[in-house]
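Since we're looking at a predicted model, the values are computed, not measured. Start at 1 with the first residue, then count along the sequence.
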Amino acid sequence: IKQHHLPAVLSIATLFLIDSLAYYISYIITENNTLNHVGIPFPWRVYFVVITIIYLFKNYNPSPRISRLKEAKIIILSIYISGIIYTFGKILTKDISIDQSQYDLLFLHLFLIIDIPLRFIIRSIQRLFLRIGIGGRSTILLGAEADAQHLANEILSHPILGFSLKGYFNQFESAEMNRYCSYLGSPDDVYAYILAHDIHDMIIALNIDEHNELLELIKKYEKLDICIKIIPDMYESISGQVRIDMLIGIPLMDINPDIITEFQSFLKSIVDIVLSLAIMILLFPLVLLLIMIIPLTSEGGTFYKQVRMGK
């Protein structure tokens, strides 16, 4: 599923580089300004832990609708609390000296002081680009009634929402809807249009009363490489996984059989492989013991062999 288009991927990569840069600058400053030069090598393990914490708290979300102050608060709380617990845990277990604990605390505060303003700048630049029409997700509307007109008006009035409205599809052209965007054709033309254009989002704003009709409509488009959203009053008719998206107080529901992003899918594969290898290594002595016991307790070899005839 096309959860992230190119501008979103660039936003994620930029945030990651900013976090890495802030971490490196904090390390350099701390190493050169402590009273007693500790001489600690670059802490790669702590770096990966910091990046993981930021990721787990969903601070690599490319959505421009994220509150910058809320994001800063989450990063400060998650990193600061984790860092304090780690430092005092090391002090209590006497794994580090007082000098090293001062080093860790200085490093922690420097990272937050450097990282938060840099992230604020990146998020502001992202919104600036959206205001001038760069980086929006190509979006089409399905419907032309009052709900569709309201959504179209909000999208056009607030470009920082991140949607680039291309037009609408409806059984008949609507003069009211034409005030906001172009008429692209009937619902029967949607499938071909999406295949021919780089569309990221489709918002269904049709007045559909029958649940089965709505489910059939979603089923028709869910195999396409797009994100499908519906208006809230259709929520009770949907069975499946949903995600809420806010549009200046207007909630939309993401309908998606595979809601995870490309990066999350890649990360899941890595975790599966690492955990599988770890379990295989841990169980290897037990498996080896069973291989030795089987010939002693039963007839035949350890491995079962049989000749089979087939076509």
Side-chain angles (χ1 to χ4, degrees), residues 1-22 51 54-72 74-75 115-142 151-168 180-182 184 190 193-204 221-222 224-230 243-248 250-256 258-268:
I1 298 298
K2 194 184 300 177
Q3 295 290 336
H4 296 328
H5 60 323
L6 181 58
V9 173
L10 291 176
S11 297
I12 295 173
T14 303
L15 291 172
F16 172 75
L17 291 175
I18 286 298
D19 293 336
S20 301
L21 179 63
I51 296 299
I54 294 175
Y55 169 74
L56 291 177
F57 281 88
K58 299 181 179 180
N59 291 307
Y60 286 122
N61 190 335
S63 173
R65 298 183 295 280
I66 294 176
S67 168
R68 290 165 288 186
L69 293 178
K70 182 179 179 180
E71 182 181 63
I74 292 174
I75 292 177
D115 190 58
I116 297 302
L118 290 177
R119 273 180 160 264
F120 192 89
I121 292 172
I122 294 301
R123 291 296 192 184
S124 299
I125 293 174
Q126 182 185 21
R127 295 188 177 201
L128 177 62
F129 280 145
L130 288 171
R131 284 193 178 95
I132 61 177
I134 300 175
R137 293 173 63 85
S138 299
T139 304
I140 57 173
L141 273 172
L142 191 53
L151 285 171
N153 181 54
E154 292 297 332
I155 290 173
L156 295 176
S157 301
H158 303 89
I160 62 171
L161 293 174
F163 295 100
S164 177
L165 188 58
K166 300 302 180 182
Y168 74 98
Y180 304 105
C181 55
S182 303
L184 301 176
V190 172
Y193 184 87
I194 293 174
L195 292 178
H197 298 81
D198 189 23
I199 300 299
H200 304 107
D201 291 273
M202 178 173 70
I203 302 177
I204 301 176
Y221 300 117
E222 68 180 2
L224 293 171
D225 192 19
I226 59 171
C227 293
I228 303 174
K229 305 180 191 298
I230 61 172
R243 182 175 61 193
I244 297 176
D245 216 357
M246 297 300 295
L247 270 178
I248 308 296
I250 304 174
L252 292 176
M253 307 294 178
D254 274 338
I255 307 303
N256 195 330
D258 184 15
I259 208 71
I260 65 174
T261 64
E262 299 92 331
F263 179 73
Q264 290 171 332
S265 178
F266 172 76
L267 184 63
K268 180 181 180 298

Query - Over 12 non-hydrogen atoms of neighbours within 6.0 angstrom of OH in Tyr193 - result: yes
Report task. Find the distance between CE (Met202) and CD1 (Ile230) and round it off to the nearest 0.5 Å. Result -> 11.0 Å
Query raised in the report: How close do Leu10 and Thr14 get, heavy atom to heavy atom, and via which atoms?
Result: O-OG1, 2.7 Å
**Report entry** From CD1 (Ile122) to OG (Ser11), nearest 0.5 Å
**Finding:** 8.5 Å
Query raised in the report: Distance-only, no hydrogens or angles: does the Arg119 side chain make a donor-acceptor pair with backbone N or O of Asn59 under 3.5 Å?
Result: yes
Query - CZ-CG distance between Arg137 and Leu165, expressed to the nearest 0.5 angstrom - result: 14.0 Å
Query raised in the report: How far apart are the closest heavy atoms of Lys166 and Ser138, and which atoms are they?
Result: CE-OG, 3.5 Å
Query raised in the report: Can you name the closest pair of heavy atoms from Ile12 and Tyr60 and give their distance?
Result: CG1-O, 3.4 Å
Query raised in the report: Heavy-atom distance under 4.5 Å between the side chains of Phe163 and Leu161, does that happen here?
Result: yes
Query raised in the report: Below 4.5 Å, heavy atoms only, C-beta onward: do Ile160 and Arg131 meet side chain to side chain?
Result: yes
**Report entry** Approximate separation, where rounding is to 0.5 Å, of Asp19 CG and Asp115 CG
**Finding:** 4.5 Å
Query - Under 3.5 Å: donor-acceptor pair, side chain of Gln126, backbone of Pro62 - result: yes
Query raised in the report: Heavy-atom distance under 4.5 Å between the side chains of Thr139 and His200, does that happen here?
Result: no
Query - Heavy-atom check, side chain of Ile155 versus side chain of Ile203, under 4.5 Å - result: yes
Query raised in the report: Roughly how far, to the nearest 0.5 Å, is the CG atom of Leu69 from the CZ atom of Arg123?
Result: 12.5 Å
**Report entry** Side-chain heavy-atom pair Phe57, Ile75 within 4.5 angstrom cut-off
**Finding:** no
Query raised in the report: If we only count heavy atoms from C-beta on, is the Ile194 to Ile140 side-chain gap below 4.5 Å?
Result: yes
Query raised in the report: What's the spacing between Ile199 CD1 and Cys227 SG if we round to 0.5 Å?
Result: 12.0 Å
**Report entry** Closest approach of Ala152 to Leu141 (non-hydrogen atoms, all atoms of both residues)
**Finding:** CB-CD1, 3.8 Å
